[in-house]
Amino acid sequence: MMTETLVLQAPAKINLSLDITGKRTDGYHTLRSVFQTVGIFDTLTITKTEPDMPLTLTCNVPDVPADARNLVWKAAAKLLGDQPCGAAIHLEKRIPSQAGMGGGSSDCAAALKGIRKLFGLPVNDAELKEIAVSLGADVPFFLTGGTVLCEGIGEIMTPLKPMPERLLVIAKGTEGVSTPEGYRRLDQLAVQPAPATDGVLEALYGDAQTLFAACGNAFDAVTDLAEVRQIRAIMRENGVKPVLSGSGAAVFGGCGNPEQAEQLRDALRSAGLPFAEICKTV
Ligand code: ATP
């Protein structure tokens, strides 16, 4: 049998803005957020095997479950059946977990697109989007990526004209955050953080400095992990405004030029932070 393999790049995302606009009666918070894919990628390699061979999934990171708990496996199960067969998938992780960078969701979207293509499945884009919604709130965003305004509980997506390429540094410590705990803390705040989305929308296509000054995230007000504070301090020392991505614990900062970005990344690494990377918006 001829081996057929697909290699897919699954990008991370940041939230240029993230406002919490309310809470529904069912307990879900509503938000307004500009999502943007960035050039840090996981790689998925999907290989067709004998049709009756059970699915195998391997991953370079031991902490990430390489079984039915993995969103890549869940994607395969949706398209190939509950006992998925006929594929071997390797996942090479570079996007940190519990970061607010959407790594698992992006892998999931890449798996949906890749498996559909490799097996020539008769699933149209609308059907693939339905499946994506059932697998996680951020998965539909990653089917297309780019610059997207997300509202509602994240399900109302308005694609925007892609923003110009911008330079960023993203860093994360070893600790992750609990998203439910973040929401609980936000609910307890007497005064809600100032919204950032309108400012970001206005500044998206202008100069980089104005855009990055407008970025903001409600979770910034309730996240005080030691490593997050350390990252914020180093970014500020380097003239960069730190902003949390998603509910954290990754922090990004927009840079004016490559020299500033390199200096900042090196300072973060020298401070012992396990993840500090330069990337561009994609
Ligand atoms: P988000 O940005 O959507 O909040 P996150 O920052 O919490 O995501 P993820 O990498 O998406 O980080 O994964 C969080 C958890 O999901 C992990 O701790 C892991 O147990 C589980 N998980 C399931 N599938 C994956 C995957 N493909 N990659 C990483 N984690 C996965």
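First listed ligand is number 1; within each ligand, the first listed atom is number 1. This one's a predicted model, so the numbers in the text were calculated from it and none came from an experiment. Computation of the quantities below employed the complete heavy-atom set of this structure, encompassing side-chain atoms and omitting hydrogens, waters and symmetry-equivalent molecules.
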*How about Thr43 and Arg94: does a side-chain donor come under 3.5 Å of a side-chain acceptor?*
yes
How close does the nearest protein non-hydrogen atom get to [atom], and which residue and atom is it?
| atom | value |
| --- | --- |
| atom 2 (O) of ligand 1 | Gly102 N, 2.6 Å |
| atom 11 (O) of ligand 1 | Gly104 N, 2.8 Å |
| atom 31 (C) of ligand 1 | Val64 CG1, 4.2 Å |
| atom 10 (O) of ligand 1 | Ser97 OG, 3.3 Å |
| atom 4 (O) of ligand 1 | Gly100 CA, 4.0 Å |
| atom 7 (O) of ligand 1 | Gln98 CA, 3.5 Å |
| atom 28 (N) of ligand 1 | Lys93 NZ, 3.0 Å |

Find all atoms of ligand 1 within a distance of less than 4.0 Å from any non-hydrogen atom belonging to [X], and give their numbers and elements.
| X | result |
| --- | --- |
| Arg69 | 23 (C) |
| Asp107 | 26 (C), 27 (N), 28 (N) |
| Pro65 | 19 (C), 20 (O) |
| Ala99 | 5 (P), 6 (O) |

[atom] touched by protein heavy atom at under 4.0 Å:
| atom | value |
| --- | --- |
| atom 22 (N) of ligand 1 | no |
| atom 25 (C) of ligand 1 | yes |
| atom 15 (C) of ligand 1 | no |

*Is the shortest distance from a Lys or Arg side-chain nitrogen in Arg265 or Glu262 to a carboxylate oxygen in the other one below 4.0 Å?*
no
*Under 4.0 Å between a Lys/Arg side-chain N and an Asp/Glu carboxylate O for Arg232 and Asp224?*
no
*asked:* Tell me whether Gly246 reaches ligand 1 (any heavy atom closer than 4.0 angstrom to a ligand atom).
replied: no
*Does some non-hydrogen atom of Thr179 fall short of 4.0 Å from ligand 1?*
no
*asked:* With a 3.5 Å distance limit and no angle check, can you tell me whether Ser33 reaches the backbone of Ser17 through a side-chain donor-acceptor pair?
replied: yes
*Any pair counted as salt bridge (Lys or Arg N to Asp or Glu O under 4.0 Å), so long as it reaches residues 34-43, sequence neighbours left out*: Asp42-Lys93
_Among Thr56, Thr47, Ile46, exactly one meets side chain to side chain contact (heavy atoms under 4.5 Å, CB included) together with Ile89. Which residue is that?_
Ile46
*Can you hop from Ile170 to Ile95 via hydrophobic side chains spaced under 4.5 Å?*
yes
*Above 12 or not: heavy atoms from other molecules or residues under 6.0 Å from CD of Gln209?*
no
